[in-house]
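Written below as structure tokens is the structure these notes are about.
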Amino acid sequence: MNRPIRTLLTAFLLSAAVFLPPSTRAEQPPEAPFSVAWLSDTQAMIAYDDLRHRLNAQSDWLNEHAESENIRLILHTGDVTDNPWVPAQVRLAEEFFAALPKGIPALAVAGNHDLGVKKKRYEKWTEFSFVRDNPHARRYRDGEGVSTLPEAGGRKLLFVGLGFGNRNDEAYVWAREMFNAHPDATGVFFSHAYIDTLGDTLQEGRYFDKFLLPYCPNLRLVLCGHSRDTAHTVRRFTDEATGSERTVDIVMSNFQGNTAGYGALRLLRFAPAENRLVIDGVLPAPDATERERDKVRRAAISLEGFFS
């Protein structure tokens, strides 16, 4: 393919890639608050029968509160399953995503468990119907990366995700093109692994720090899981194109462990009129202890001037 045709084709794909269908809800006022639900590391609840009720409580809560919370998007930052080579786990993962609220796009990236911890292969991940047949996502390599561009509250947000182990120039170029094609959108990057519980950068994150974040001036927030517990850190980057400095908030969330709140989910509550984002948590499991609920409550953070 000659270069002019390839350039035109790339521009067409980028412009048509990531738009969500218009909302069927009642007309909302400009700058109405809205939410994005964020799940991560559900593998234990998929793998073990005695935790399954906490997984079901997540989908039940999302269905019950989709309208009241004005949820416009659902994200999963990986480790949906513990081992996708186990047919029962594949079935349960498919059932879980099918049980999420109808009409709300749900995007997921693969975690290390979704690739087989030792196998590290994408063949099972790209066979999931919520990856393969997702009409709301622009996909990189059949679902190794995803992006979408929702509009809500009078604001445009761009979500771009890369699955675990995508340490190659092609993946970084694809993600940069997604962000750079929509400079008027506030960018959110999501991946399985980036920082640990102390806020230190993991190996995956070091690649993103070097090859992705400095090239995306509109990237404002990073979401990840993998490491247990929660963490929040702020990084300063110098844009390669302009030389100007900016900050990026990186938030990690993985509620696993005996007292860590299996089944908790995070809500990104956007308040466009106040130019603020609050990330807090919900633990809908009826058998959750007060210690677990307190842990989820204490993980809340507020980001002022988010859309600026």
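Note that the structure is predicted; figures quoted are calculated from it, not measured.
- Using a cutoff of 4.0 Å between basic side-chain nitrogens and carboxylate oxygens, D294 and R291 are not scored as salt-bridged.
- With salt bridges taken as basic N to acidic carboxylate O contacts below 4.0 Å, one links R167 and E204.
- Looking at Q43 and D79, their side chains do bring a donor and an acceptor atom within 3.5 Å of each other.
- Expressed to the nearest 0.5 Å, how far CZ of R220 lies from CG of L303 amounts to 5.5 Å.
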So R132 and D142, salt bridge (Lys or Arg N to Asp or Glu O under 4.0 Å) or not? Walk me through it. CA-CA 7 Å; R132 183 190 64 233; D142 298 325; over 6 Å; no
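- Hydrophobic clustering (side-chain heavy atoms under 4.5 Å, transitive across Ile, Leu, Val, Met, Phe, Trp, Tyr) keeps M45 apart from V117.
- A continuous path of ILVMFWY side-chain contacts below 4.5 Å connects I104 to L62, so both sit in one hydrophobic cluster.
- In summary, D280 and R266 do not engage in a salt bridge, as defined by a charged side-chain N under 4.0 Å from a carboxylate O.
- A salt bridge links K156 to D184: one of the charged nitrogens lies within less than 4.0 Å of a carboxylate oxygen.
- E31 has a carboxylate O that lies under 4.0 Å from a charged side-chain N of R155, or vice versa, which qualifies the two as a salt bridge.
- Side-chain contact between K119 and W85 is present, with heavy atoms from C-beta onward closer than 4.5 Å.
- No more than 12 heavy atoms of other residues, nucleotides or ligands sit less than 6.0 Å from atom CG of D169.
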